[in-house]
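Below: one structure, written as structure tokens.
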Amino acid sequence: MVEYDYSMEWLKNSLSNRPNNMWRYAEMLPVTHKSNIITLGEGMTPLFSLGKLAPQFGFSDLLMKDESYNPTGSFKARGLSVAVSKAKEFGIQHCIIPTAGNAGGALAAYSAKADMKCTVVMPRHTPAIFKQECELYGAELILIDGLINECGEKIMELNQDGRYFDMSTLKEPFRIEGKKTMGYEIAEQLHWELPDVIIYPAGGGTGLIGIWKAFKEMLSMGWINGPLPRMIAVQSQNCAPIVEALKDPVHWKNNFTPLATIANGLAVPYPFGMDMILRVLKESGGTAIAVAEDEIIAGVREIARTEGLLLSPEGAATWKALLHLFHANKIASSEKVLLLNTGSGYKYLDNFNFF
Ligand SMILES: Cc1ncc(COP(=O)(O)O)c(C=O)c1O
């Protein structure tokens, strides 16, 4: 993990004059020379109050940070902006990434901007737009019959001679630095008063770990005070390794059969950062929960029809998880809850059977 100088209490008060994107926190990001920053304007995404939906279910304060406003339509832009900037700083020529969809498109876009070659390895069943955007951004695309772990295996095979820079989740230390800016923004947008609960759709878990890292950094710098929010990881019932690992940290790999899900980004059967994910959940007093495929589709519809927001299935899963946790008395209606919509629903239209 990248460490910084945490004596920068002053920085908090200078933010109002900064650019309206995640690079406003440049001192807390790992790029050494500003000239290497590859940006498409990622970050400072809106924080909506779900003011129509919340009262129907008795919630007093329900927020959604909408990451679909990022370049390439997902929060993956944040991590890949930093990782590609850092790759440029290192003089890297060719990156490779296994992806459930969104990370591949983001890497393709930032690589194009950085004049870098890019290879994306993606499950064949991913909705067409994720493949088309890679081609449009000029990336090489390799399709695999399987899930993201099989894409990762293909990369190991292709990269035996080390010709590519491997951008796999948490195998390089910089994507998480970009993702952590969600945590900084949540704090700044809420005037440094964090919510009680944050509900996050977790695949590889980089966002979850990153947001927690941001909170710890802000505590060290005196930007915020505790207590920190309870962090909840949401998965699909089709692929819920974090839920299994929380129940049985030793045998979890044997306790489930990974299947594809309409929330493509949640189909990560063996997260590389599982230990870190579990640590965040435990330390924050949070938990992990899985929701069913038909609930995810229902969630997309409910939020579209009430709030006018077309969420990614991953984002909609957080809403259904909230309802489960509320009915199980694990979240009170009086608590301030923040849901993360990590991507745009428009990229997933192939996954819905409309007629
Ligand atoms: C829309 C969306 N949400 C959530 C995730 C899971 O992200 P993470 O790997 O940070 O847990 C992904 C990953 O592909 C995604 O595309």
Side-chain angles (χ1 to χ4, degrees), residues 45 64-80 82-83 97-107 120-123 126-127 129-130 133-134 147-149 151-152 167-172 174-183 198-214 231-236 239-243 245 260-274 276-278 280-281 288 290-291 296 299-300 309-319 321 339-348 351:
T45 53
M64 169 162 285
K65 186 155 175 69
D66 194 351
E67 289 289 300
S68 70
Y69 281 70
N70 277 305
T72 70
S74 89
F75 73 144
K76 297 283 176 182
R78 295 176 185 268
L80 287 154
V82 173
I97 195 165
T99 180
N102 278 311
L107 178 62
V120 175
V121 187
M122 189 185 291
T126 314
I129 191 165
F130 291 101
E133 65 175 344
C134 289
L147 297 174
I148 195 169
N149 53 314
C151 297
M167 289 277 190
S168 299
T169 298
L170 294 169
K171 289 194 181 168
E172 55 72 57
F174 304 118
R175 284 174 65 185
I176 193 167
E177 295 300 308
K179 291 265 192 92
K180 85 178 178 193
T181 56
M182 289 186 287
I198 292 182
I199 311 192
Y200 171 84
T206 346
L208 186 90
I209 303 163
I211 291 171
W212 194 247
K213 182 172 192 272
M231 303 294 291
I232 313 281
V234 181
Q235 304 222 277
S236 157
C239 187
I242 302 173
V243 177
T261 152
I262 58 155
N264 297 67
L266 304 187
V268 182
Y270 309 107
F272 187 69
M274 182 62 96
M276 284 187 270
I277 296 171
L278 295 181
V280 172
L281 299 182
V291 296
I296 295 176
V300 170
L309 299 170
L310 194 59
L311 306 190
S312 61
E314 293 86 345
T318 64
W319 160 240
L339 311 178
L340 271 147
N341 175 39
T342 40
S344 169
Y346 289 97
K347 293 177 90 174
Y348 294 76
N351 280 359

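We count ligands from 1, going down the list as the structure has it; atoms in each ligand are counted the same way.
Every N/O-N/O distance between Leu266 and ligand 1 stays at or above 3.5 Å. When only interatomic distances are considered, the shortest N/O to N/O separation between Ala202 and ligand 1 does not fall below 3.5 Å. At least one N/O-N/O distance between Gly203 and ligand 1 falls below 3.5 Å. At a 3.5 angstrom cut-off on N or O pairs, Ser312 does not count as close to ligand 1.
Across every non-hydrogen atom of Ile242 and Gln235, the tightest pair is N-OE1, 2.7 Å. Cys134 approaches Gly105 most closely through the heavy-atom pair SG-N, 4.1 Å. Residues Asn351 and Pro127 approach most closely at OD1-CG, 3.4 Å, considering heavy atoms. The two residues Ala267 and Leu147 have their closest heavy-atom pair at CB-CD2, 4.1 Å. Nearest heavy atom pair, residue Pro201 against residue Leu266, reads C-CD2, 3.7 Å.
At least one heavy atom of Gly205 sits less than 4.0 Å from an atom of ligand 1.
The protein atom (non-hydrogen) at minimum distance from atom 9 (O) of ligand 1 is Gly204 N, 2.8 Å. For atom 10 (O) of ligand 1, the closest non-hydrogen atom of the protein is Tyr200 OH, 2.6 Å. Lys76 CE, 3.2 Å is the protein heavy atom nearest to atom 14 (O) of ligand 1. If you check which protein heavy atom lies closest to atom 2 (C) of ligand 1, you get Thr342 OG1, 3.4 Å.
Residues satisfying the side-chain contact (heavy atoms from CB on, under 4.5 Å) test with Val268, not counting sequence neighbours, are Ile148, Pro271.
For atom 1 (C) of ligand 1, the nearest non-hydrogen atom from the set Leu208, Thr169, Asn102 comes from Asn102. In this structure, of Phe75, Tyr348, Phe130, the residue bringing a heavy atom nearest to atom 5 (C) of ligand 1 is Phe75. Nearest to atom 4 (C) of ligand 1 by heavy-atom distance, out of Ala267, Gly265, Pro201, is Pro201.
Against a heavy-atom cut-off of under 4.0 Å, Gly207 is close to the following atoms of ligand 1: 10 (O). Atoms of ligand 1 found under 4.0 Å from any heavy atom of Lys179 (numbered from 1 in listed order, with element): 10 (O).
Counting only N and O atoms by type, the side chains of Ser312 and Lys347 include no donor and acceptor under 3.5 Å apart. A donor atom on one side chain and an acceptor atom on the other are found under 3.5 Å apart for Thr181 and Arg78. A donor-acceptor pair shorter than 3.5 Å cannot be found between the side chains of Glu67 and Thr342.
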